[in-house]
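Contents: one structure, followed by commentary.
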Protein chains: 2
Amino acid sequence: MPKLGMEPIRRASLIKATIAEIGHAGTLEVTVSRIAKRAGMSSALAHHYFGSKEALFLAAMRHVLTLYGAEVRGALAAADGPEARARAVIRASFSPANFRREVVAAWLNFYVLAQTRPEARRLLTVYQRRLLSNLSHALRPLLGGGAGPAAQGLAALIDGVYLHAALGAAAPDGAAAARQAEAYLTAMLERRA
Amino acid sequence: MPKLGMEPIRRASLIKATIAEIGHAGTLEVTVSRIAKRAGMSSALAHHYFGSKEALFLAAMRHVLTLYGAEVRGALAAADGPEARARAVIRASFSPANFRREVVAAWLNFYVLAQTRPEARRLLTVYQRRLLSNLSHALRPLLGGGAGPAAQGLAALIDGVYLHAALGAAAPDGAAAARQAEAYLTAMLERRA
DNA sequence: GATTGTTTATTGATCCGTCAATCAACAACC
DNA sequence: GGTTGTTGATTGACGGATCAATAAACAATC
């Protein structure tokens with residue numbers, strides 16, 4: 001039943017299955033076979049399209065990152081004024097698409113991987129820089145020289161909230177998480193004012 | 001040339017080697033053989049004393065947690081007044097002993113493990129509850145009903161800073177990290193005042 | 001203070017399972 | 001008939017756990 005033009009479809013379902021499987025297992029120690037099975041194909045095909053397990057996982061993270069980036073850009077475009085821009089970045093970080101259990105689990109494992117694999121580290125650095133730059137640009141008009149440290153703190157807080165979400169018993173609550181991060185922002189701004 | 005009374009010595013050096021090896025590899029995927037080798041014995045002996053790789057790692061984390069707990073207790077005892085108590089908890093969290101690269105790496109992997117292994121989850125819950133309780137008790141006199149959420153946020157921030165430390169290129173800077181967390185605290189307090 | 005027996009410490013070898021990766025071969029399509 | 005898609009079977013490596021065997025230290029007994 002092979003059809004032509006399968007490649008993009010296969011790639012997409014493998015990426016989706018990778019996230020799902022890692023989210024389900026909570027670990028990077030999922031077999032390629034399991035992922036492939038979930039995506040409805042044999043493990044050999046997964047290797048055919050991605051070359052290696054690690055490449056598959058990195059592709060999945062790249063996908064997550066792309067979605068996140070798009071969401072942030074969209075929210076920023078719709079935001080009016082510096083404070084709204086900062087809040088937009090926060091809300092995008094905790095949007096339903098990004099703050100799903102599986103995605104958060106993937107992030108957590110991605111962090112671990114980034115400690116040793118240069119390619120993962122590179123990808124992570126891109127994300128961190130972008131987030132930091134978005135935040136400090138938004139905060140600069142409000143906090144001036146204090147924008148850098150405030151952005152740094154906010155970035156750490158966002159990652160911390162992600163971490164807690166990965167470990168919480170209940171399903172992650174994006175709205176509550178966003179409120180938590182926004183409280184920090186509010187405190188920082190009021191302090192200045 | 002076996003001597004008697006080796007058990008506590010062996011256990012201690014295995015635990016130390018486990019942290020070191022995981023810190024070095026950045027991953028839980030270190031072989032028992034490597035750990036045992038670093039501790040100066042065969043892998044069989046490691047199994048003899050701890051039963052399994054996972055049990056060994058959990059023992060190592062229990063050890064880290066114990067040290068951390070002791071440090072927090074000490075800092076709290078020396079603190080004078082609510083705000084000083086809150087700052088004491090923060091400083092203890094980033095003390096040189098706890099905020100070493102290896103320890104932070106171990107924490108990161110511990111988080112991942114806690115997603116699936118009940119025993120790890122249990123241990124983590126103990127830590128989280130203790131931290132949260134310490135923080136909210138300290139903040140209650142200052143923030144009243146706002147103490148809960150503030151403590152929650154502070155806990156998330158602390159974990160986030162740990163996360164960033166695990167990934168930073170440079171060696172973790174405990175003083176800088178503590179300042180970051182204390183800035184949050186300051187902002188929260190000033191807001192109330 | 002030798003003899004015998006018991007416990008503790010320790011290892012090398014190895015079993016057994018797992019898994020990423022490869023390959024040969026087959027199927028559909030143009 | 002060449003390209004694309006697909007798989008089952010296989011391999012090679014690795015690693016956790018186990019175990020039989022060895023040896024020192026100690027203890028009880030005579």
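Below, chains carry the letters A, B, ... as their sequence lines are ordered, and counting in each starts from 1.
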Inset, instruction - Applying side chain to side chain donor-acceptor pair (under 3.5 Å) between B/Glu21 and each of B/Lys37, B/Arg34, B/Lys16, report the one that passes. - result: B/Arg34
Inset, instruction - Mind checking B/Ser43 for me? I need base, sugar-phosphate or nothing, with any heavy atom below 4.0 Å counting as a touch. - result: nothing
Legend entry - With B/Arg122 via side-chain hydrogen bond (donor to acceptor under 3.5 Å, both in side chains) - residues at least two apart: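 Here the qualifying residues are B/Glu119.
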Inset, instruction - Please identify each residue that fulfils side-chain hydrogen bond (donor to acceptor under 3.5 Å, both in side chains) with A/Thr186, with sequence neighbours left out. - result: A/Arg87
Inset, instruction - Go through the structure and list residues passing side-chain contact (heavy atoms from CB on, under 4.5 Å) with B/Glu71, not counting sequence neighbours. - result: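 B/Glu71 satisfies side-chain contact (heavy atoms from CB on, under 4.5 Å) with B/Ala92, B/Ser95, B/Ala97, B/Asn98 only.
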Legend entry - Residues that B/Ala39 engages under side-chain contact (heavy atoms from CB on, under 4.5 Å), provided they are two or more places apart: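 Listed in chain order: B/Ser13, B/Leu14, B/Ala17, B/Met41.
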The side chain of [X] is closest to which nucleotide in this list: [options]?
X       : options               : answer
B/Met6  : C/dT10, D/dG5, C/dA20 : C/dT10
A/Ser42 : D/dG8, C/dA21, C/dT11 : D/dG8
A/His48 : D/dT6, C/dA21, C/dT11 : D/dT6
A/Ala44 : D/dT6, D/dA17, D/dT7  : D/dT7
B/His47 : C/dT10, D/dT18, D/dT7 : D/dT18

Legend entry - Sole candidate of B/Tyr111, B/Trp107, B/Phe110 that passes ring pair (Phe, Tyr, Trp, His ring centres under 6.0 Å) when paired with B/Tyr127: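 Only match with B/Tyr127 under ring pair (Phe, Tyr, Trp, His ring centres under 6.0 Å): B/Trp107.
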Legend entry - DNA chain D-proximal residues of residues 19-39 of chain A, any heavy atom under 4.0 Å: none
Between atom [atom1] in [X] and atom [atom2] in [N], what is the gap in whole Å?
X       : N      : atom1 : atom2 : value
A/Glu54 : C/dA21 : CD    : C1'   : 14 Å
A/Leu14 : D/dT6  : CG    : C1'   : 13 Å
B/Phe50 : C/dT10 : CZ    : C1'   : 16 Å
B/Lys53 : D/dG16 : NZ    : P     : 4 Å
A/Arg11 : D/dG5  : CZ    : C1'   : 14 Å
B/Met41 : D/dA23 : CE    : P     : 21 Å

Inset, instruction - May I ask you to verify if any side-chain N or O of B/Tyr49 is less than 4.0 angstrom from the OP1 or OP2 atom of C/dT8? - result: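 Checking B/Tyr49 against C/dT8: no side-chain N or O falls below 4.0 Å of OP1 or OP2.
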Legend entry - Short side-chain N/O contact from A/Arg10 to OP1 or OP2 of D/dT4, under 4.0 Å: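 Answer is no, no contact under 4.0 Å.
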Legend entry - Partner residues of A/Phe99 under the ring-ring contact (aromatic ring centres under 6.0 Å, His included) criterion, sequence neighbours left out: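 Only A/Phe94, A/Tyr162 meet the ring-ring contact (aromatic ring centres under 6.0 Å, His included) criterion with A/Phe99.
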